[in-house]
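Note that the numbering runs from 1 along the sequence shown for the chain. We use all heavy atoms of the structure for the numbers below, so side chains are in, but hydrogens, waters and symmetry mates are not.
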Amino acid sequence: MTLIGLEELRAAQQRIAGVAVRTPLMPCPWAAQGDRALWLKPESLQPTGAFKIRGAYNRLAALTGAERARGVVAQSSGNHAQAVAYAAQLLGIKAVIVMPDVSPAVKVDNTRAFGAEVILVGPGERDTLPAELAERHGYVWVPPYDDPYIIAGQGTVGLEIAEDAPDELDTVLVPVSGGGLISGTAAALKLACPGVRVIGVEPELAADARASFRAGERVSWPTEQTYRTIADGLRTPSVGVLPFDHIQAYVDDIVTVSEQEIRDTVAVLARRGRLVAEPSGAVAAAAYFHRAAELEGRVFGAVVSGGNIEPSLLAELLSA
């Protein structure tokens, strides 16, 4: 088991500087509950609308000249897709992105707008076709989470929280899908400020990470189960191998939130926080608002991982 360290995290921080935005850690006085306080890390403010640009650019920028000439292939429901497409455009690399045909149109359109070739497939083919394309055309595969460069890039979220957080911060809530964001963020926080607890959050309808955490081994959920959740960015059937090693080493717990709680939190973040969050990006804050009994902390940080939501869905959630 090889875990990323501060050296890899600092290198990623330098590599992505000027491309990924150093997002603020925002105090939320409107969210105070007794002696509980909330700070939000709005990764929805990134150029591609989600944290994924950190890992994608870190991975692509580290490619050799020969690898860049081959082009890259990636799979994603949308946020990694946009990030790889944008990073590839900046670096002059051909990008082919495999996306489920149920991906939000806004994510598909944005990926194409960044110059990538998009291939839409059924959800069951999303994770198998990239390997075939890499074999057939020689593309370099850029996985969404099971890669040390991806994890280190996402981990810069944790470095920034550690540098910007108030001394009282005791708990950080992070969404979980394939595990790249939480594994990198947890590693950074535990290495930089080891007293902080790191809690993963995922939908009840796609709780494979919590099942894995409890079992002590990776558990996979079928796509017909994970695709029930409105949080389309968190429908991965299982956490990655390398992310799970980091989760076991650095994450303190994983909790779940309901579909209604996710919906309500998207609306609350828009109305009270003035932040547009997609359902996947709202789950960490949802845990703060709805899972107080399961969380021991007093001063919380929550990562709003993305804001790429269909306008019609945002209107629906705001009018509910």
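One N or O on the side chain of D170 and one on the backbone of R298 form a donor-acceptor pair closer than 3.5 Å. At distances below 3.5 Å, not a single donor-acceptor pair connects side-chain atoms of Y250 with backbone N or O atoms of L189. The backbone N or O of Q225 sits less than 3.5 Å from a side-chain atom of R228, completing a donor-acceptor pair. Counting only distance, with no hydrogens or angles, the side chain of H290 and the backbone of A285 share no donor-acceptor pair below 3.5 Å. A donor-acceptor pair is defined here as one N or O able to donate and one able to accept, closer than 3.5 Å; no such pair exists between the side chain of S44 and the backbone of G307. With hydrogens and angles disregarded, no donor-acceptor distance shorter than 3.5 Å links the side chain of N58 to the backbone of I150. Remark: the backbone N or O of Q82 is not paired with any side-chain donor or acceptor of N110 at under 3.5 angstrom. Within the 3.5 Å criterion, the main-chain N or O of S238 finds no donor-acceptor partner in the side chain of T236. E8 contributes no side-chain N or O that, together with a main-chain N or O of P148, makes up a donor-acceptor pair within less than 3.5 Å.
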Set out, in order, the CA-CA distance, both residues' side-chain angles and the distance that settles side-chain contact (heavy atoms from CB on, under 4.5 Å) for V283 and E261, then state yes or no. CA-CA 8 Å; V283 297; E261 289 163 352; over 6 Å; no
Under the side-chain hydrogen bond (donor to acceptor under 3.5 Å, both in side chains) criterion, do T171 and R197 qualify, and how do the steps go? CA-CA 5 Å; T171 306; R197 285 170 53 81; 4.7 Å; no
Would R235 and D208 count as a salt bridge (Lys or Arg N to Asp or Glu O under 4.0 Å) here? Give the steps. CA-CA 9 Å; R235 292 169 176 168; D208 59 279; over 6 Å; no
Applying side-chain hydrogen bond (donor to acceptor under 3.5 Å, both in side chains), run through T23 and E43 and close with a yes or a no. CA-CA 6 Å; T23 54; E43 286 294 293; 2.5 Å; yes
Residue pair V251, I199: steps toward the side-chain contact (heavy atoms from CB on, under 4.5 Å) verdict: CA-CA 6 Å; V251 174; I199 310 295; over 6 Å; no
Run the salt bridge (Lys or Arg N to Asp or Glu O under 4.0 Å) check on K41 and E160 step by step: do they pass? CA-CA 9 Å; K41 179 74 167 168; E160 292 174 12; 2.5 Å; yes
L133 and V98: side-chain contact (heavy atoms from CB on, under 4.5 Å), yes or no, with the steps? CA-CA 10 Å; L133 294 174; V98 178; 3.9 Å; yes
Is there a side-chain contact (heavy atoms from CB on, under 4.5 Å) between V172 and I161? Walk through the geometry before answering. CA-CA 9 Å; V172 175; I161 293 174; 4.1 Å; yes
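Residues V96 and V72 do not share a hydrophobic cluster, defined by chaining ILVMFWY side chains whose heavy atoms lie under 4.5 Å apart. The hydrophobic clustering, which links ILVMFWY residues whose side-chain heavy atoms are closer than 4.5 Å, places I262 and V304 together. L295 and V303 are members of different hydrophobic clusters when ILVMFWY side chains are connected at heavy-atom separations under 4.5 Å. Residues L269 and L314 are members of one and the same hydrophobic cluster, defined by side-chain heavy-atom contacts under 4.5 angstrom among Ile, Leu, Val, Met, Phe, Trp and Tyr. Residue L38 is grouped with residue V255 when hydrophobic side chains (ILVMFWY) are merged at heavy-atom distances under 4.5 angstrom, including chains of intermediate members.
Among R291, R214, R210, the single residue meeting the salt bridge (charged side-chain N to carboxylate O under 4.0 Å, His left out) criterion with D253 is R214.
Screening residues 110-139 for ring pair (Phe, Tyr, Trp, His ring centres under 6.0 Å), with sequence neighbours left out, gives Y86-F114, H137-Y139.
Between Q154 atom CD and L181 atom CG the span is 6.5 Å, to the nearest 0.5 Å. Distance check: Q75 CD to D127 CG gives 5.0 Å after rounding to the nearest 0.5 Å. Considering OG1 of T48 and CZ of R54, their distance stands at 10.5 Å, rounded to 0.5 Å. Atom NZ of K52 sits about 12.0 Å away from atom CG of N308, to the nearest 0.5 Å. Here CG of L91 is found 5.0 Å from CZ of R68. Values are rounded to the nearest 0.5 Å. We find the CG-OH distance between L40 and Y288 to be 9.5 Å, quoted to the nearest 0.5 Å.
Between L63 and L60, some side-chain heavy-atom pair lies under the 4.5 Å cut-off. Annotation: side chain of W141 is in contact with side chain of P143 (closest heavy-atom distance under 4.5 Å). Side-chain contact between V198 and T185 is absent, with no heavy atoms from C-beta onward closer than 4.5 Å. Two residues are said to be in side-chain contact when any heavy atoms from C-beta on lie closer than 4.5 Å; R59 and D147 meet this criterion. Using a 4.5 Å heavy-atom cutoff, the side chains of R263 and Q260 are in contact. A 4.5 Å side-chain heavy-atom check between I182 and I247 finds at least one atom pair inside the cut-off. The closest side-chain heavy-atom distance from V201 to V176 is not below 4.5 Å. Residues T265 and F289 meet the side-chain proximity criterion, which asks for heavy atoms closer than 4.5 Å.
For the residue pair E278 and N79, a side-chain donor N or O sits within less than 3.5 Å of a side-chain acceptor on the partner. Looking at R218 and S212, their side chains never bring a donor and an acceptor atom within 3.5 Å of each other. Donor-acceptor pairing under 3.5 Å is lacking for the side chains of S103 and S77. Judged purely by distance below 3.5 Å, without hydrogens or angles, the side chains of E202 and S177 never pair a donor atom with an acceptor atom. Between the side chains of E204 and S258, no donor-acceptor pair is found at a separation under 3.5 Å.
A salt bridge links E117 with K94; the closest basic N to acidic carboxylate O contact falls under 4.0 Å.
Nearest approach of I230 to E259, heavy atoms of both residues: N-OE1, 2.7 Å. The shortest heavy-atom contact between G184 and L9 is O-CD2, 4.2 Å. Across A231 and S280, no two heavy atoms sit closer than the pair C-OG, 3.3 Å. Across all non-hydrogen atoms, the minimal contact from W221 to T226 is CB-CG2, 3.7 Å. Residue P42 comes nearest to P24 through the heavy atom pair CD-O, 3.0 Å, listed as atom of the first residue, atom of the second, then distance. The shortest non-hydrogen separation linking P47 to V19 is CG-O, 3.6 Å.
Partners of Y149 according to the ring pair (Phe, Tyr, Trp, His ring centres under 6.0 Å) rule, which considers only residues two or more places apart in sequence or in another chain, do not exist here. Applying the salt bridge (charged side-chain N to carboxylate O under 4.0 Å, His left out) criterion to E310, with sequence neighbours excluded, gives no partner residue.
Within a 6.0 Å sphere centred on CD of E7, other residues, nucleotides and ligands contribute 12 heavy atoms or fewer. Enclosure of atom CD in E296 is not indicated, since only 12 or fewer non-hydrogen atoms of other residues, nucleotides or ligands lie within 6.0 angstrom.
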